[in-house]
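To start, the structure itself, in structure tokens.
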Protein chains: 2
Amino acid sequence: MTSPPVVKKAARTRQTVDVRRAQLITQGMAFFGTRPYDAVSIDDIAEAAGISKGLLYHYFPTKRDYYAAVLETAAADLLAQTTIDPALAPDLRLRTGLEAYLDFVKARGPAYVALMRGGIGSDPVIAGIVDRVRNHYVDTVLRDLPAPPRPRALRVLLRGWVGFVEVTSLAWLESPAGTISKASLIESSSLVLAALLGDLAP
Amino acid sequence: MTSPPVVKKAARTRQTVDVRRAQLITQGMAFFGTRPYDAVSIDDIAEAAGISKGLLYHYFPTKRDYYAAVLETAAADLLAQTTIDPALAPDLRLRTGLEAYLDFVKARGPAYVALMRGGIGSDPVIAGIVDRVRNHYVDTVLRDLPAPPRPRALRVLLRGWVGFVEVTSLAWLESPAGTISKASLIESSSLVLAALLGDLAP
DNA sequence: TCGCCTCACTGACTTGGGTTCAATAAGCCA
DNA sequence: TGGCTTATTGAACCCAAGTCAGTGAGGCGA
């Protein structure tokens, strides 16, 4: 007879729904912000959280739903960080907002990339979450414009502008230090926006 | 004893490596251009191609590698369609190139979206293929510029410009007909590029 | 024409990770 | 204290990716 295993199984602790959910979301941010979606297994998360795999399914019906919940939280963070006092003058608000955006990207770094890009672009729910963020920025810009002509067309171009900001942010993040300054990016982004708006409404 | 199955198993046909590979790539374009990566199973493809699953693994070591090969082909198609006669004047070449790009997007439609976006953004090999396409466009623009100041910084901005074109293309594709014309998109894209170049090198 | 040899091809098996579910027990309330 | 709800568990299930030992189509040399 060998001696019984030394490892004491941690006593099962029962948490309220809110606490456990919050814990799991935090756990998910750490995981999905580090490795891509399918390099993260449910077992990994469960083990790190000190719970059984089954419990995760008690909170989230599916792995994708879990991921969506995590992404949703990250998106909310981003929006919270980049929402600027509406009392400011439009162009100052724009610059402040861009700066906040870039600060967020810098601060989160790879986690931002992983959550925004590393996901499952195919899943409509996931894509919807990211799109909502993008549309929010489009709306923010549009709100300052006094009844532009051809608003539908302008939306398409503004989506493009958001794409420009997103892509330059990522390129900036990945480029060696000193390649381009935050100030230059803000400058160029405002310039592009002005060019688009000036063109559409002369 | 029940009667033997009626279905005649198709005689095993032996193809040359090149033919089979080409067939499988074509097959993959159809599948991955229609549904997202993980909604396509190896069994589906094998069955549609009339071969065994094992054979697919004889040609491609892994599902991802298979997907990469398909994407590579699609990317080559895109580049082939958007490579414009270098003898043309730069700004005419730009407009012609943009038009070709938009035509390609329109022609492929959902397949373009699925292949470019629906993939596994996390996989470095996959991401590399898409990035190579983007960088190619950056290089194409840079080639026309006589020794710009701060070329590294300009690259970041040009990546952003490519992002702008990509995103507006997708938004255009998804928007109801008549929202914005192809001509307007070309116009705005050139405008944005001019603004960026004019700003960097006054 | 025949036998041989290569390698395209098969199908049954293994494996890993997402998902399910019946049983268990922690904490609350009467 | 007993009973009830439900957070929690662990084992089983299932699907799809990946493996592998074997098979036969067809080309080639004699």
Side-chain angles (χ1 to χ4, degrees), chain A residues 4-5 7-28 31-32 35-71 118-120 122-123 125-126, chain B residues 4-5 7-28 31-32 34-70 118-120 122-123 125-126:
Chain A
V7 187
K8 278 250 173 61
K9 183 183 291 181
R12 161 202 288 212
T13 51
R14 189 189 173 108
Q15 308 282 353
T16 72
V17 172
D18 290 347
V19 169
R20 196 49 10 120
R21 225 187 118 89
Q23 176 202 355
L24 291 175
I25 298 260
T26 305
Q27 195 71 248
F31 273 87
F32 292 123
R35 356 177 180 153
Y37 180 76
D38 43 35
V40 175
S41 78
I42 296 288
D43 296 85
D44 291 343
I45 294 159
E47 190 187 341
I51 61 170
S52 73
K53 195 158 61 156
L55 186 58
L56 219 154
Y57 281 92
H58 179 68
Y59 286 90
F60 306 96
T62 199
K63 188 185 176 186
R64 283 175 124 88
D65 286 283
Y66 175 52
Y67 182 78
V70 172
L71 222 204
I120 329 106
S122 47
D123 187 305
V125 175
I126 304 295
Chain B
V7 187
K8 279 249 172 62
K9 184 183 291 181
R12 157 202 293 210
T13 52
R14 188 191 174 106
Q15 308 282 355
T16 71
V17 172
D18 290 348
V19 169
R20 190 70 344 133
R21 226 188 115 90
Q23 176 203 355
L24 291 175
I25 298 261
T26 305
Q27 195 70 248
F31 272 86
F32 291 123
T34 308
R35 356 179 181 150
Y37 179 78
D38 42 34
V40 175
S41 78
I42 295 289
D43 295 85
D44 291 343
I45 294 159
E47 190 188 341
I51 62 171
S52 72
K53 189 159 64 157
L55 186 59
L56 219 153
Y57 282 95
H58 179 68
Y59 285 90
F60 306 96
T62 200
K63 187 184 176 187
R64 284 176 124 87
D65 286 282
Y66 176 51
Y67 182 79
V70 172
I120 328 107
S122 48
D123 188 304
V125 175
I126 305 295

What donor-acceptor contacts under 3.5 angstrom involve side-chain atoms of residues 43-51 of chain B, with partners at least two apart or in another chain?
residue	atom	partner	partner atom	Å
Asp44(B)	OD1	Ser41(B)	OG	3.3
Asp44(B)	OD2	Arg35(B)	NH1	3.2
Asp44(B)	OD2	Ser41(B)	N	3.3
Asp44(B)	OD2	Ser41(B)	OG	3.3

Which pairs would a plain distance check flag for residues 56-64 of chain B, meaning a side-chain donor or acceptor within less than 3.5 Å of a matching protein atom at least two apart in sequence or in another chain?
residue	atom	partner	partner atom	Å
Lys63(B)	NZ	Tyr37(B)	O	3.3
Lys63(B)	NZ	Val40(B)	O	2.6
Arg64(B)	NE	Asp123(B)	OD2	2.6

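The interatomic distance linking Asp44(B) (CG) with dA16(D) (P) rounds to 8 Å, in whole Å. Distance, Asp65(A) CG to dT19(C) C1': 12 Å, rounded to whole Å. Rounded to whole angstrom, the span from the CD atom of Gln23(A) across to the P atom of dT8(D) amounts to 9 Å. Separating the CD atom of Glu47(B) from the C1' atom of dG11(C) is a distance of 15 Å, rounded to the nearest angstrom. Rounded to an integer number of Å, the gap from Phe60(B) CZ to dA16(D) P is 21 Å. The separation between Ile45(A) atom CD1 and dG18(C) atom C1' is 11 Å, rounded to whole Å.
Among pairs with a residue in residues 13-25 of chain B, none fulfils salt bridge (Lys or Arg N to Asp or Glu O under 4.0 Å), at least two apart in sequence or across chains.
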Every protein N/O within reach of nucleotides 17-20 of chain D N/O, cut-off under 3.5 Å:
residue	atom	partner	partner atom	Å
dA17(D)	OP1	Lys63(B)	NZ	2.9
dA17(D)	OP2	Ile42(B)	N	3.0
dA17(D)	N7	Lys53(B)	NZ	3.2
dG18(D)	OP1	Thr62(B)	OG1	2.9
dG18(D)	OP2	Tyr57(B)	OH	3.1
dG18(D)	OP2	Thr62(B)	OG1	3.2
dG18(D)	OP2	Lys63(B)	N	2.9
dG18(D)	O6	Lys53(B)	NZ	2.9

Output a table of nitrogen or oxygen pairs between the protein and nucleotides 4-8 of chain C separated by less than 3.5 Å.
residue	atom	partner	partner atom	Å
dC7(C)	O2	Arg14(B)	NH1	3.4
dC7(C)	O2	Arg14(B)	NH2	3.3
dA8(C)	OP2	His58(B)	NE2	2.7
dA8(C)	O3'	Gln15(B)	O	3.3

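The closest donor-acceptor contact from the side chain of Tyr66(A) to the backbone of Leu24(A) lies under 3.5 Å.
Gln15(B) meets the side-chain hydrogen bond (donor to acceptor under 3.5 Å, both in side chains) test with no other residue; sequence neighbours excluded.
Annotation: the span from Lys53(A) atom NZ to Ile42(A) atom CD1 amounts to 8.0 Å, rounded to 0.5 Å.
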